[in-house]
Protein chains: 2
Amino acid sequence: MSIQTRRERERAERERLIVTAARELAEAEGWDAVTTRRLAAEIEYSQPVLYSHFKGKTAIMAAVAVQGCAEMAVELRTARTAAKGRHGALAAVGEAYTAFARRRPALYDAMFTLRVDLPFATPEAPAALQEAFGELLAAVEPIAAEGDDPGLLTETYWAALHGLVTLMRSGRLPERAHQRRLELLTRHFTAGAQRAGA
Amino acid sequence: MSIQTRRERERAERERLIVTAARELAEAEGWDAVTTRRLAAEIEYSQPVLYSHFKGKTAIMAAVAVQGCAEMAVELRTARTAAKGRHGALAAVGEAYTAFARRRPALYDAMFTLRVDLPFATPEAPAALQEAFGELLAAVEPIAAEGDDPGLLTETYWAALHGLVTLMRSGRLPERAHQRRLELLTRHFTAGAQRAGA
DNA sequence: ACAGGTTGGCTAGCGCTGCTAGAATTCGTG
DNA sequence: CACGAATTCTAGCAGCGCTAGCCAACCTGT
């Protein structure tokens, strides 16, 4: 039994190695630079080894994405709990979200931009993903008006943040006025509650 | 001189053919299916001919994107001018925007999602692109509050629409409640003006 | 300690991609 | 009709994601 567990442990270790290498390579040079060949060289194994751990390249990216979700969730929570008031919390979370996307573009792409078959709006979605969304929800819910569905409002706010990030990243929005756009967005969302606090 | 102009005319004709073929293929099977080989076969020329017209595949996509912008501008204008009131106009434009994205996904991708070196937020941006943005601006401007920069507010609204579209298209938001999310977005944007009309 | 059998990694290669150098053909002109 | 220039095509490069099948290293039982 012991040798079995040792093998499984080594396997798990190597899987971790693959995901880490993929992530680091992506963060250093972008996902285009993450080829199965380079990844194999990085972990000092041959290509086919990757396929004994993951179904394909997109599965590796999905694993990286899940890691990213977990980290984002932490950052969103930190920002939210440190802020004061409903408006402050929403602003802080929006700020933290876009800051994360700009600081870790490769991670963000894996999570929310690139095609990478992860289940999203279903109960089978990874826990880390649900946590991240939960943080957004916790910030949006307090500013929801009477009849508003908090979940839908959160999705809408999320989409707005995502749009800002992606359009900026692809050069379609100038980076310059990001802060002001973000403030406009947050203000309009809290204003919808009609009785916005400070 | 005549033969020179004839050649130029034929060249322009073929260029049109390339763009049209690329667009049709993309709309039928997605941009992944648009390879230089298939495109060449479609226009009944060999691959290198494409490169005598365009710098590369992304340049062809850019040409398709410009076409798409022109069409979207028309549709946005139609929707805006047919609507009544500031709120109605904004809602109509938002509706038209997302409807366009869902009806012509390949066109939308070329315009706003895929990497395709087009100048965007500069004076050198294609006229069609500026027109499309101008339509959004015309819908957003009337609902801008006193101190708000209409341009920035438009960019923010645009980003929100873009986020809704892309997250939905990539399966990260369920298609089901799209209409309600769009209404939430529009309502919150008009609410920011504090004196929202009907 | 050594043979047998199984697990697992590696080499080599497939079909595809965007793109290009240089041969070949067509075309207008003297 | 033959020459010169412009243009199109054939063929190929380097790289991609992925996989079949060989080979070696390892654990097990005597």
Side-chain angles (χ1 to χ4, degrees), chain A residues 1-19 21-23 25-26 28-65 106 109-110 114-118, chain B residues 1-19 21-23 25-26 28-65 106 109-110 114-118:
Chain A
M1 188 65 85
S2 168
I3 76 144
Q4 180 80 2
T5 58
R6 194 212 62 204
R7 284 192 167 172
E8 283 171 9
R9 191 177 57 238
E10 287 176 353
R11 244 190 100 74
E13 177 70 19
R14 199 173 56 180
E15 190 155 318
R16 231 175 43 83
L17 189 64
I18 292 172
V19 175
R23 171 182 174 158
L25 197 46
E29 307 183 32
W31 282 107
D32 283 349
V34 183
T35 70
T36 56
R37 277 167 241 268
R38 274 199 74 177
L39 198 47
E42 208 75 39
I43 64 169
E44 297 179 314
Y45 280 92
S46 65
Q47 271 180 297
V49 167
L50 301 175
Y51 295 89
S52 76
H53 287 271
F54 299 94
K55 204 185 63 188
K57 186 187 171 182
T58 65
I60 298 176
M61 294 169 64
V64 174
D109 283 344
L114 299 174
R115 293 198 153 273
V116 58
D117 34 46
L118 268 180
Chain B
M1 186 66 85
S2 170
I3 76 147
Q4 179 80 359
T5 58
R6 192 210 65 203
R7 281 193 170 169
E8 282 171 11
R9 192 177 56 238
E10 285 175 355
R11 243 190 101 75
E13 177 70 18
R14 198 173 58 180
E15 191 156 317
R16 234 178 39 83
L17 188 66
I18 292 172
V19 175
R23 173 184 173 156
L25 196 47
E29 306 183 34
W31 281 107
D32 283 348
V34 183
T35 70
T36 56
R37 275 167 241 270
R38 275 198 73 178
L39 198 47
E42 208 75 38
I43 64 169
E44 296 180 313
Y45 281 92
S46 66
Q47 270 180 296
V49 166
L50 301 175
Y51 294 88
S52 75
H53 286 271
F54 298 95
K55 204 184 65 187
K57 185 186 171 182
T58 64
I60 298 176
M61 294 169 65
V64 174
D109 283 344
L114 300 174
R115 290 199 155 274
V116 58
D117 36 44
L118 266 180

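Note: hydrogens, waters and symmetry copies are ignored here, and every other heavy atom, side chains too, is used. The shown structure was predicted, so the numbers you read here are calculated from the model rather than taken from an experiment. Note on naming: letters A, B, ... go to the chains in the order of the sequence lines (proteins, then strands), and numbering restarts at 1 for each one.
One finds a side-chain N or O of Y51(B) lying less than 4.0 angstrom from the OP1 or OP2 phosphate oxygen of dC19(C). Of the side-chain N and O atoms in S46(A), none sit less than 4.0 angstrom from OP1 or OP2 of dG9(C). When the side-chain nitrogen and oxygen atoms of T35(A) are compared with OP1 and OP2 of dC16(D), one or more of them lie within a distance under 4.0 Å.
We find that CD of E15(A) is positioned 14 Å from P of dG8(C), with the value rounded to whole Å. At whole-Å resolution of the value, CG in L39(A) and C1' in dG15(D) are 16 Å apart. The separation between E10(B) atom CD and dG28(C) atom P is 9 Å, rounded to whole Å. dT17(C) atom C1' lies 16 Å from atom CH2 of W31(B), rounded to whole Å. Following rounding to the nearest Å, I60(A) (CD1) and dC16(D) (P) show an atom-to-atom distance of 14 Å. Nucleotide dC19(C) holds its P atom 10 Å from the CG atom of L50(B), rounded to whole Å. Atom CZ of R38(B) is separated from atom C1' of dT17(C) by 14 Å (rounded to the nearest Å).
Across every non-hydrogen atom of T36(A) and Q47(A), the tightest pair is OG1-NE2, 2.8 Å.
R11(B) comes within 4.0 angstrom of no nucleic acid atom, judged by non-hydrogen atoms across all strands.
No N or O donor and acceptor, one from the side chain of R37(A) and one from the base of dG15(D), sit under 3.5 Å apart. Judged by distance alone with a 3.5 Å cut-off, no donor-acceptor contact links the side chain of Q47(A) to the base of dC10(C).
A distance-only check finds a donor-acceptor pair linking the side chain of W31(B) to the backbone of A106(B) [under 3.5 Å]. Counting only distance, with no hydrogens or angles, the side chain of K57(A) and the backbone of V34(A) share a donor-acceptor pair below 3.5 Å.
Under a cut-off of 6.0 angstrom, the local environment of CD in E44(B) is sparse, with at most 12 non-hydrogen atoms contributed by other residues, nucleotides or ligands. Heavy atoms of other residues, nucleotides or ligands lying less than 6.0 angstrom from CZ of R11(A) number more than 12.
The side chain of S52(A) approaches dG9(C) more closely than any other nucleotide in the set dC18(D), dG9(C), dG18(C).
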